[in-house]
Amino acid sequence: MTVKKAAAPKRRDADLAYEAIEAMISTMALPPGSPVVEAEISERIALGRTPVREALMRLMSIGLIVQQPRRGLLVSPIDLANHLDTILTRRVLERVIASCSARRANAAERQRLMDCAERMVAAAAHDDLAAYMRADHDLDTANHAASRNTSAVTAVVPLVTQCRRFWYAYQHAGEITEGARCHALLASGIARGSEAEAVQGADALMDYLEAFTRRVIDN
């Protein structure tokens with residue numbers, strides 16, 4: 001008898017709305033200071049007002065959207081002064097997540113991480129920023145799932161989003177080949193089941209982001 005695989009659970013519209021709006025903010029399709037109008041966003045991402053409203057509330061809670069008197073909702077500005085602290089805090093969480101993933105990931109998850117890293121390396125080689133960003137997002141998602149550490153993932157996701165937006169805003173000062181190399185080190189460490197190597201990969205990635213940030217600040 002053939003056993004049918006269980007269908008993947010349908011994703012909530014609010015989660016889809018959150019990811020869509022977060023992506024627009026991260027990639028500067030909604031730049032800092034731009035107004036956020038619920039009806040316009042709803043039409044733009046083809047989802048209802050209720051899930052969009054819920055998504056906007058979540059984005060406000062992590063600081064990507066702010067509410068100002070008489071101006072309504074706006075995309076928050078990028079805070080150069082505090083971004084190094086964002087990376088400092090993210091570093092601690094990324095080390096925990098990398099260690100957990102190296103210890104807890106199953107074979108399929110380890111392969112998925114390597115596939116994402118290979119996509120990043122290939123995208124960087126072709127200077128394909130859109131493909132690089134998609135692979136980056138997919139690698140983060142795979143790493144977070146493999147870690148099975150909900151507390152660390154919940155804490156790190158807003159910081160990842162802030163870093164992704166910062167990187168995208170100042171990408172002219174970055175080097176995506178180096179970014180891809182650091183992600184590959186992280187993925188390789190997890191795939192090998194080596195907590196030490198995975199943590200080294202996470203540190204290499206944070207070192208890259210910190211150096212990138214310092215170049216932006218200095219300029």
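These numbers come from a predicted model, not from an experiment. These numbers come from the heavy atoms of this one structure, side chains and all, not from hydrogens, waters or symmetry mates.
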> For L74, what are the other residues in its hydrophobic cluster, where any two members join if their side-chain heavy atoms are less than 4.5 angstrom apart?
Replying inline: V66
>> Run the side chain to side chain contact (heavy atoms under 4.5 Å, CB included) test against Q67 and tell me which residues pass, sequence neighbours left out.
In response: M60, L73
> Can you tell me if S61 uses its side chain to pair, donor with acceptor, with the backbone of R58 under 3.5 Å?
Replying inline: yes
> Has the side chain of N219 got a donor or acceptor atom that lies under 3.5 Å from a matching backbone atom of R215?
Replying inline: yes
> Nearest heavy-atom pair of L47 and D13: which atoms, and what distance?
Replying inline: CD1-O, 3.8 Å
>> Just verifying a value: how many Å separate R112 CZ and T141 OG1, rounded to the nearest 0.5 Å?
In response: 10.5 Å
When the side chains of residues 187-194 are checked against the rest of the protein, which donor-acceptor pairs come out under 3.5 Å, sequence neighbours left out?
from : atom 1 : to   : atom 2 : distance (Å)
R192 : NE     : E197 : OE1    : 2.8
R192 : NH2    : E197 : OE2    : 3.3
S194 : OG     : E197 : N      : 3.1

> Looking at CZ of R104 and CD1 of I97, how far apart are the two atoms once the value is rounded to the nearest 0.5 Å?
Replying inline: 11.0 Å
>> Are L93 and L185 linked, directly or through intermediate hydrophobic residues, by side-chain heavy-atom contacts shorter than 4.5 Å (ILVMFWY only)?
In response: no
> Going by the ring-ring contact (aromatic ring centres under 6.0 Å, His included) test, which pairs reach into residues 25-67, not counting sequence neighbours?
Replying inline: none
>> Nearest 0.5 angstrom please: E195 CD to S99 OG, how far?
In response: 3.5 Å
> Is it the case that one hydrophobic cluster holds both V92 and L209, taking links as side-chain heavy atoms less than 4.5 Å apart, direct or via other members?
Replying inline: no
>> According to ring-ring contact (aromatic ring centres under 6.0 Å, His included), does anything in residues 76-99 pair up with another residue at least two apart or in another chain? List the pairs.
In response: H83-F166
> Could you go step by step and tell me if D207 and R91 meet the salt bridge (Lys or Arg N to Asp or Glu O under 4.0 Å) rule?
Replying inline: CA-CA 9 Å; D207 289 344; R91 182 187 293 272; 2.9 Å; yes
> Does F212 belong to the same Ile/Leu/Val/Met/Phe/Trp/Tyr cluster as L88, with side-chain heavy atoms less than 4.5 Å apart forming each link?
Replying inline: no
> Is there a donor-acceptor pair closer than 3.5 Å between any side-chain N or O of S26 and the backbone N or O of R164?
Replying inline: no
>> Do Q162 and I78 have side chains that approach each other closer than 4.5 Å (heavy atoms only, starting at C-beta)?
In response: no
> When rounded to the nearest 0.5 angstrom, what distance separates CG in L56 from CD1 in I65?
Replying inline: 4.5 Å
>> Tell me every residue that passes salt bridge (charged side-chain N to carboxylate O under 4.0 Å, His left out) with R134, counting only those two or more places apart in sequence or in another chain.
In response: none
>> Tell me which pairs pass side-chain hydrogen bond (donor to acceptor under 3.5 Å, both in side chains) where either residue lies in residues 144-153, with sequence neighbours left out.
In response: E109-R148
> Which pairs, with at least one residue in residues 23-43 and sequence neighbours excluded, count as a ring-ring contact (aromatic ring centres under 6.0 Å, His included)?
Replying inline: none
> Going by the ring-ring contact (aromatic ring centres under 6.0 Å, His included) test, which pairs reach into residues 89-133, not counting sequence neighbours?
Replying inline: Y132-W167
>> When you group the ILVMFWY residues by side-chain heavy-atom contacts below 4.5 Å and let the links chain together, are L129 and L139 in the same group?
In response: yes
>> I'd like to check I41 versus L30 (side-chain heavy atoms, cut-off strictly below 4.5 Å). Are they in contact?
In response: yes
> Taking atom SG of C116 and atom CG of D136, what is their separation to the nearest 0.5 Å?
Replying inline: 9.5 Å
>> Tell me the closest heavy-atom pair linking C182 and A204, and the distance in Å.
In response: SG-O, 3.5 Å
> Excluding sequence neighbours, so at least two apart, what forms salt bridge (charged side-chain N to carboxylate O under 4.0 Å, His left out) with R95?
Replying inline: D203
> Can you check salt bridge (Lys or Arg N to Asp or Glu O under 4.0 Å) on E210 and R214, steps first, answer last?
Replying inline: CA-CA 6 Å; E210 181 178 340; R214 292 188 184 280; 3.1 Å; yes
> Can you list every pair that meets salt bridge (Lys or Arg N to Asp or Glu O under 4.0 Å) and has a residue in residues 68-90, with sequence neighbours left out?
Replying inline: R90-E94
> If you link I, L, V, M, F, W and Y whenever their side-chain heavy atoms are under 4.5 Å apart, who else ends up in the same group as V199?
Replying inline: none
>> Run D15 and R12 through salt bridge (Lys or Arg N to Asp or Glu O under 4.0 Å) and show every step you take.
In response: CA-CA 5 Å; D15 293 330; R12 296 173 62 243; 3.3 Å; yes
> Between the side chains of S76 and R165, does any donor sit under 3.5 Å from an acceptor?
Replying inline: yes
> Would you say the side-chain atoms of E22 and T161 include a donor-acceptor pair closer than 3.5 Å?
Replying inline: yes
>> Is it the case that the side chain of T213 and the backbone of L84 share a donor-acceptor pair, with hydrogens and angles ignored and the cut-off at 3.5 Å?
In response: no
> Between A117 and A184, which heavy-atom pair has the shortest distance, and what is it?
Replying inline: CB-CA, 3.9 Å
>> Under 4.5 Å between side-chain heavy atoms, counting indirect links through other Ile/Leu/Val/Met/Phe/Trp/Tyr residues: same cluster for M24 and L16 or not?
In response: yes
>> Return the CD to CG distance between E54 and L59, rounded to the nearest 0.5 Å.
In response: 11.0 Å
